[in-house]
*Asks:* 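Input: one structure, supplied below.
Model, not experiment: these values are computed from the prediction. Every chain is numbered from 1 and lettered A, B, ... according to where its sequence line falls, protein lines coming before strand lines.
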Amino acid sequence: MLNQLEELASKAFDELGKVTNLEELEAWRIRYLGKKSDLIQTLRSLATLSLKERRVVGARANEVKKALETSLAEKKKGLEQGLALSLQRESLDVTLPGESVLLGHLHLTTQTLDEICSIFGGMGFQVVEGPEVEWEYYNFEALNMPADHPARDMFATLWMDSDTKTGDRPMLLRTHTSPVQIRVMEKSRPPIRVIAPGRVYRYEATDATHEWMFYQVEGLAVDKNITLADLKGTLFEFTRCLFGEERKVRFRCDYFPFVEPGVEVAIDCLACGGTGCRLCGNSGWIEILGAGMVHPEVLRRVDIDPEVYSGFAFGMGVERIPMLRYGIDDIRLFYGNDLRFLKQF
Amino acid sequence: MKVSLRWLSDYVDITVLPEKLAEKLTMAGVEVNEVQVIGENWKDIVVGKIVGVGAHPNADRLRLATVDLGKQEITVVCGAPNLVVGDKVAFAHVGAQLIDGHTGEVVRLKPVKIRGVVSEGMVCSEKELGISDRHEGIMVLPPEAPVGTPLSGYLGDAIFDLDVTPNRPDCLSVIGIAREAAALTGEKFNIPEVCYNEVENAIDFFASVEIVAPDLCPRYCASLLTGVKIASSPQWLQQRLLACGMRPINNIVDVTNYVMLEYGQPLHAFDYSGIRGKQIVVRRAEEGETITTLDGIERILDQDILVIADKERAIAVAGIMGGMDAEVTDNTTTVLIESANFNQAAIHRGSIALRLSSEASLRFEKGLSRDLPLVALKRATQLIGELAGGKVAKGVIDAYPGKWQREPILLSTAQVERLLGVEVGLSEIVKALELLGFSCEQTEASLEIRVNIPWWRTDISCSADLVEEVARIIGYDSIPTTMLSAPLPMHEPIPMLSLRQKLRNVLVGCGFQEVLTYSLTSLEMMSKLSPELRLIGPAPIRVAHPMSREQEYLRTSLRAGLLSVLARNERYQENSIRLFEIGKVFLPRKGELPLEREMLCAVLSGLQRGLFWRGKAEPVDFFVAKGVVETLLSQLELVASLELTKDETLCLGRSASIIVGNDRVGVIGELHPKVSEAFELSETAYLIEIDLDKLSSLIASTKEYQPISRYPSTSRDIALLVSEQITYQQIYAIIQDFPLVTQVTLFDLYVGEQVPAGKKSFAFKIVYQSPTHTLTDEEVDRVQQQILDKLSQEVGAALRA
Ligand SMILES: [Zn+2]
């Protein structure tokens, strides 16, 4: 018994000398000092021995256990110190650049559209869309602008090539998102609460403030008892959500053929705060939205009784909003698609 | 339009500051862009009277003017040719701020010595005062100008620059704005009585009017004066025209312009001697008929254009411009004044057809009141009589085939409240409308009125119009702000919206920058997509009158736009460019609006990742692009398979259809080198194109939870030797099809020395798992053997040693 014990001890010390890291040390500990190790088993089996043997073997076994434990502790300490040293030797230059993950950006217009849609979404407006190539009817007639209506001059139009002699109806690139109002009202009955974002087109020479293609968002709410006060409330909330609570909002009378009464919504100038500067053309105000109560003729045309229902509509240019916010001074940057511009947002 | 405050004051007392008035007008619908104050800087400038003109002792072209300033007389040197003793002038003392007549700069007047004569002050031209550009001579003030008073008190003014909306042609006039100003400030509106003596023979003796096209000319009025003397208009009239941006010509023409500015009614003066046969005929032009208009250009007319003719020929293009044949000249003695109403559409079309617009046509196009011609005609006749002398013929011609009957409109307090959302009392409504010139009567119903529309308002046709009138008088500010309170309408989600959003977000996460490119492009640009530079795909739809050749056709694909953006950005973006666009393409359909298809296009070139100090960055290749497609589709729970395809834009053998289920939803591939060259790309680019309409229809709307197996999985690696023609997909499909196989991953592909010629080696990791029990080694071995057997049979695969 004692021989076995001595053999075990010398083997254990021998192996401990070869241990080089903490994992090996742990394995060694389990092998020689773990619950199932021979040494511990030996100690447990002392009861089966005679009293004399028990005393001799027991004392020796305990000595060996203590010696192994002491060596283990020393070895562990030594290894830990060594590890700390080697970690120190291998410390990183943490200032080296990290590996960047390729990430793109959404276009500034998309970001703005998302923001507008989410504000109106919170007020119960659902996003709808309509075609960009439209019949003259939807772009003009249905919006209370028959042929030769003077207000048509406000919309320099890009007409599509079509053979009107063979009876083709005139087709155009929509000059505003308002035709979507008509398409929605033709298809659904009140209550209606929608917004329609999209591209619009104008026959226009481009410069820093004019672009022939741009985005608009149209809005429409039709129901019983919708009033100009509701229009004011809705657009007041919207403008302040978009531009901040400290903005002043102005509602003035304006004219659009498809609404009556008509409204223009402006905010106090972001640059000068209302005292007048170049950005606001010295007026102190910056026009944001055109709006109004849906014209009874427009409702009648889509077979909604204006004596029973009323509604409001509004429309706004999209690029103008980030232009004001970020001080972008040239609208042509939006669809020029220079990544040095787009990646800033 | 420009309106002078002084002129406005002829009809209404302006008791508020110009800025305040501007604000009121703006809020009520007539936007004031700018208020230009004249005379703001006229300190030290006074009205003077020339009491002596003498020669300069040392200069022939200069003279000495002695000016009486009331308390003193000052003699100054003056170079102007129009010094006349007795004339009233604007005199600037030393220290006054003026505009230099030559340089246009603001200067302060200093005492000077001109050719040996000291000059302390000067007599000013209009340009020096900042009134107009005229600098040929000094400005002569009206004789009644009070000597010694500050010029600003006598001539100071504020000029309003207004934006008049197209529904309010009545506001394209001083009287129209005065009416608005009166209503908005509560002041009284006055219009001076027009009266004059008619001493000449009856007008019928001189001329008759026949309207052949009453649909285009509802009313034609005319008056006539004999013995007029053509001269310059008086200073005050010239001044007012100039302030409104019109150039004075002679007293007759100036009066017609003056009354147009005053009332908004365009007028025309004919030299009576140019009217043949004593007859005015209002008719459509004959096809090919010609006329030389006042701008000296000969114009060819057609039947859509309305003309004013005499017995023989056209003498004016109605409502647009007069003709040379009956132009008022210095020799004119008898004038016929026209004041008519023309169909707005006819004038609009005529103006477009002739590419000619004028102050007159711009007003007629908006639709003027049929009651206006006679009022304006009488005013013009009176003024011409006063300013050009002459005798007025008795009576006027008034041909009025399109007599206007305007019905009153009923308005109730309920209607006002229903639209505005605020209760407005009946008396307040009546007060607001009456301020604007409407007259109101109580009807049998209580709280309802019958509203008569004033003759000058052409824009009022329904109760909503009246509600706006009430709103703008009580002020939009006094309407409360409320939130929509009704229950929300039912909403049907639009799948395309969420699809687009999902794709955008995944692509941005894959390093792609979103771009938005123009919908219009050129044939040339589109043909770059083919190596032969020919147009591929359906014929694009053309814009009728394109702004330029670059914006002539609607795009039929997003490819060209995206590739040009790629080329443009390659110049300053060295490592890696990834772009995408989601947008519409336009495909023609007979007799219908074009099909607007929603497409996704993405391009990538350069390195797989940004430059990094550890490891080498490889350039992107087909499989990087394919990985993007797989990532996109996996986000939509879809699996794509690729199949080699032919696409002109892409390299054959390196381009494939993207197939989901049985549908070809898009293509992917390496750009054809010729196409790359056409777009001037410097790096190999890969293109992905997906039809979102097709994709959207394939997305499963329902999703079901898959239970997670409670038993461990086992994985085995196998290396297979197959002939080179065998595709990955063939092997994958066989392995994947076996029961217990849950995952098959290719982790190595080898062709080269280690394998026999004509062969390649695939290494797969296969994961086995059962949903019902823990697999034993024997079970896995059995399945794996079956797999190897089948692979051997079907694709001749052998286990690689
Ligand atoms: Zn400002």
Side-chain angles (χ1 to χ4, degrees), chain A residues 96-97 99-100 102-107 109-110 123-124 126-127 131-133 135 147-148 150-151 153 158-161 168 171 191-193 199 203 212-213 221 223 226-230 232-234 236 251-255 260-263 281 293 295-296 310 335 337-340 342-343, chain B residues 26-29 165-167 344-345 348-349 365-366 418-422 462 464-465 467-468 471-472 476 479-484 486 488-489 491 497 504 507-509 511-519 541-545 547 565 569 572-573 578 584 586 593-594 596 609-610 612-613:
Chain A
L96 279 171
E99 180 161 17
S100 60
L102 279 186
L103 266 186
H105 304 249
L106 291 177
H107 193 281
T109 299
T110 305
M123 296 193 247
Q126 193 203 3
V127 176
E132 292 173 24
V133 180
W135 299 117
D148 296 300
D153 287 351
L158 278 161
W159 296 90
M160 301 316 297
D161 224 358
D168 282 0
M171 217 185 258
I192 292 169
R193 213 183 283 187
R199 288 185 174 194
Y203 189 106
W212 63 268
M213 182 188 93
D223 202 349
I226 287 190
T227 68
L228 188 62
D230 295 331
K232 280 186 73 178
T234 304
F236 184 73
F251 294 85
R252 60 171 282 265
C253 179
D254 202 353
Y255 169 71
E260 189 74 23
V263 182
M293 302 302 293
H295 198 287
S310 56
Y335 310 115
N337 291 311
D338 186 328
L339 296 187
R340 294 171 299 176
L342 294 180
K343 290 200 164 180
Chain B
T26 298
M27 291 301 285
T165 54
N167 60 324
Q344 64 187 93
H348 185 234
R349 284 177 203 172
E365 275 170 13
K366 309 226 156 53
R418 197 173 80 89
L419 276 187
L420 297 187
V422 64
C462 63
D465 293 330
V467 173
E468 180 178 84
R472 59 193 199 95
Y476 279 27
I479 292 162
T481 56
T482 55
M483 290 306 284
L484 290 168
L488 289 180
H491 282 168
L497 295 174
R504 272 189 192 126
L507 282 166
V508 163
F512 285 77
Q513 167 69 47
E514 187 188 22
V515 301
L516 296 169
T517 66
Y518 294 116
S519 316
I541 306 165
R542 189 176 172 273
V543 171
H545 304 286
M547 296 171 287
V565 174
N569 283 288
Y572 29 75
Q573 186 97 14
R578 299 182 175 198
K584 286 173 167 182
F586 303 83
L593 290 177
E596 298 188 7
R609 52 180 173 85
F612 189 52
W613 49 271

*Asks:* Is the shortest heavy-atom distance from the side chain of A:L158 to the side chain of B:M547 under 4.5 Å?
*Replies:*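 Side-chain contact under 4.5 Å: yes.
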
*Asks:* Work out which heavy atom in B:H491 is nearest to a heavy atom in A:G124; give both atom names and the distance.
*Replies:* CE1-O, 3.1 Å

*Asks:* For A:P150 and B:P166, work out which heavy atoms get closest and say how close.
*Replies:* CB-CB, 4.0 Å

*Asks:* For A:D161, is there any backbone N or O sitting under 3.5 Å from a side-chain donor or acceptor partner on B:R542?
*Replies:* no

*Asks:* Rounded to the nearest 0.5 Å, how far does OH of B:Y476 lie from NZ of A:K232?
*Replies:* 10.0 Å

*Asks:* Between B:I541, B:V467, B:T517, B:V565, which has the largest tally of heavy atom pairs under 4.5 Å with chain A?
*Replies:*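 The answer is B:T517.
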
*Asks:* Is there side-chain contact between B:L516 and A:T110, with heavy atoms separated by less than 4.5 Å?
*Replies:*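 A side-chain contact under 4.5 Å exists here.
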
*Asks:* What option among B:P594, B:A471, B:G610 has the most heavy-atom pairs under 4.5 Å with chain A?
*Replies:* B:P594

*Asks:* For chain B, find which of A:L342, A:D223, A:T234 contributes the most heavy-atom pairs closer than 4.5 angstrom.
*Replies:*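 Among the listed options, the one with the most contacts to chain B is A:L342.
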
*Asks:* Atom NZ in A:K343, atom CG in B:N569: separation rounded to 0.5 Å?
*Replies:*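 The distance works out to 8.5 Å.
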
*Asks:* Between A:D338 and B:Y572, is any pair of side-chain heavy atoms under 4.5 Å apart?
*Replies:* yes

*Asks:* So do A:M293 and B:E468 actually touch side chain to side chain, heavy atoms under 4.5 Å?
*Replies:* no

*Asks:* How long is the gap from CE on A:M213 to OG on B:S519, to the nearest 0.5 Å?
*Replies:* 5.0 Å

*Asks:* Between the main-chain N or O of A:H107 and the side-chain N or O of B:E514, is there a donor-acceptor pair closer than 3.5 Å?
*Replies:*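 Answer holds: yes.
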
*Asks:* Pick from B:K366, B:R472, B:R349: which one has the most heavy-atom pairs with chain A under 4.5 Å?
*Replies:*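 Option with the greatest count: B:R349.
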
*Asks:* Which bit of A:P296 is near chain B, if near means a heavy-atom gap under 4.5 Å: side chain, backbone, both or neither?
*Replies:* side chain

*Asks:* Could you check whether the rings of B:Y518 and A:Y335 sit parallel, tilted or perpendicular, using 30° and 60° as the cut-offs?
*Replies:*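 Answer is perpendicular, since the angle exceeds 60°.
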
*Asks:* Restricting to non-hydrogen atoms, name the atom on A:D153 and the atom on B:E365 that form the minimum distance, rounded to 0.1 Å.
*Replies:* OD2-OE1, 3.8 Å

*Asks:* Measure B:A28 against the heavy atoms of chain A and call it side chain, backbone, both or neither at under 4.5 Å.
*Replies:* backbone

*Asks:* In Å and rounded to the nearest 0.5 Å, what is the CG to CG distance from B:N167 to A:D254?
*Replies:* 9.0 Å

*Asks:* Under 3.5 Å, is there a donor-acceptor pair between the side chain of B:E596 and the main chain of A:V133?
*Replies:*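 A pair under 3.5 Å: yes.
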
*Asks:* I'd like to check B:R609 versus A:E99 (side-chain heavy atoms, cut-off strictly below 4.5 Å). Are they in contact?
*Replies:* yes

*Asks:* Between B:Q513 (side chain only) and A:G104 (backbone N and O only), is there a donor and an acceptor less than 3.5 Å apart?
*Replies:* no

*Asks:* Flag the one option from B:G509, B:C462, B:G29 with the top tally of heavy-atom pairs under 4.5 Å to chain A.
*Replies:* B:G29

*Asks:* Measure distances from A:M160 to the heavy atoms of chain B and classify the residue's part below 4.5 Å as side chain, backbone, both or neither.
*Replies:*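 A:M160 touches chain B through backbone and side-chain heavy atoms alike.
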
*Asks:* Just so I know, are the side chains of A:W159 and B:H545 near enough to count as touching, which here means a heavy-atom distance under 4.5 Å?
*Replies:* no

*Asks:* For A:M171 and B:L593, what are the C-alpha separation, side-chain angles and deciding distance, and is it a side chain to side chain contact (heavy atoms under 4.5 Å, CB included)?
*Replies:* CA-CA 8 Å; A:M171 217 185 258; B:L593 290 177; 3.7 Å; yes

*Asks:* Looking at B:V422, B:V515, B:T165, which makes the most heavy-atom pairs under 4.5 Å with chain A?
*Replies:*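 The option with the most such pairs is B:V515.
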
*Asks:* For the residue pair A:S310 and B:R418, what are the closest heavy atoms and their distance?
*Replies:* CB-NH1, 4.0 Å

*Asks:* Could you tell me if the side chain of A:M123 sits less than 4.5 Å from the side chain of B:L484, heavy atoms only?
*Replies:*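 The answer is no, as the side chains (C-beta and beyond) never meet within the 4.5 Å cut-off.
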
*Asks:* Checking heavy atoms, do the side chain of A:N337, its backbone, both or neither come under 4.5 Å from chain B?
*Replies:* both

*Asks:* I'd like to know which of A:G233, A:A229, A:P131, A:G262 tops the heavy-atom pair count under 4.5 Å against chain B.
*Replies:* A:A229

*Asks:* Using 0.5 Å steps for rounding, measure from the OG1 atom of B:T481 to the CZ atom of A:F251.
*Replies:* 7.5 Å

*Asks:* Considering non-hydrogen atoms only, spot the tightest contact between B:Q344 and A:D148 and give its length.
*Replies:*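 Looking at all heavy atoms of both residues, the closest pair is NE2-O, 4.1 Å.
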
*Asks:* For chain A, which candidate among B:L420, B:L507, B:L497 shows the most heavy-atom pairs at distances under 4.5 Å?
*Replies:*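 With the most close heavy-atom pairs to chain A, the winner is B:L420.
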
*Asks:* With respect to chain B, which residue among A:L96, A:T109, A:I226, A:I192 yields the maximal number of heavy-atom pairs within a distance under 4.5 Å?
*Replies:* A:L96

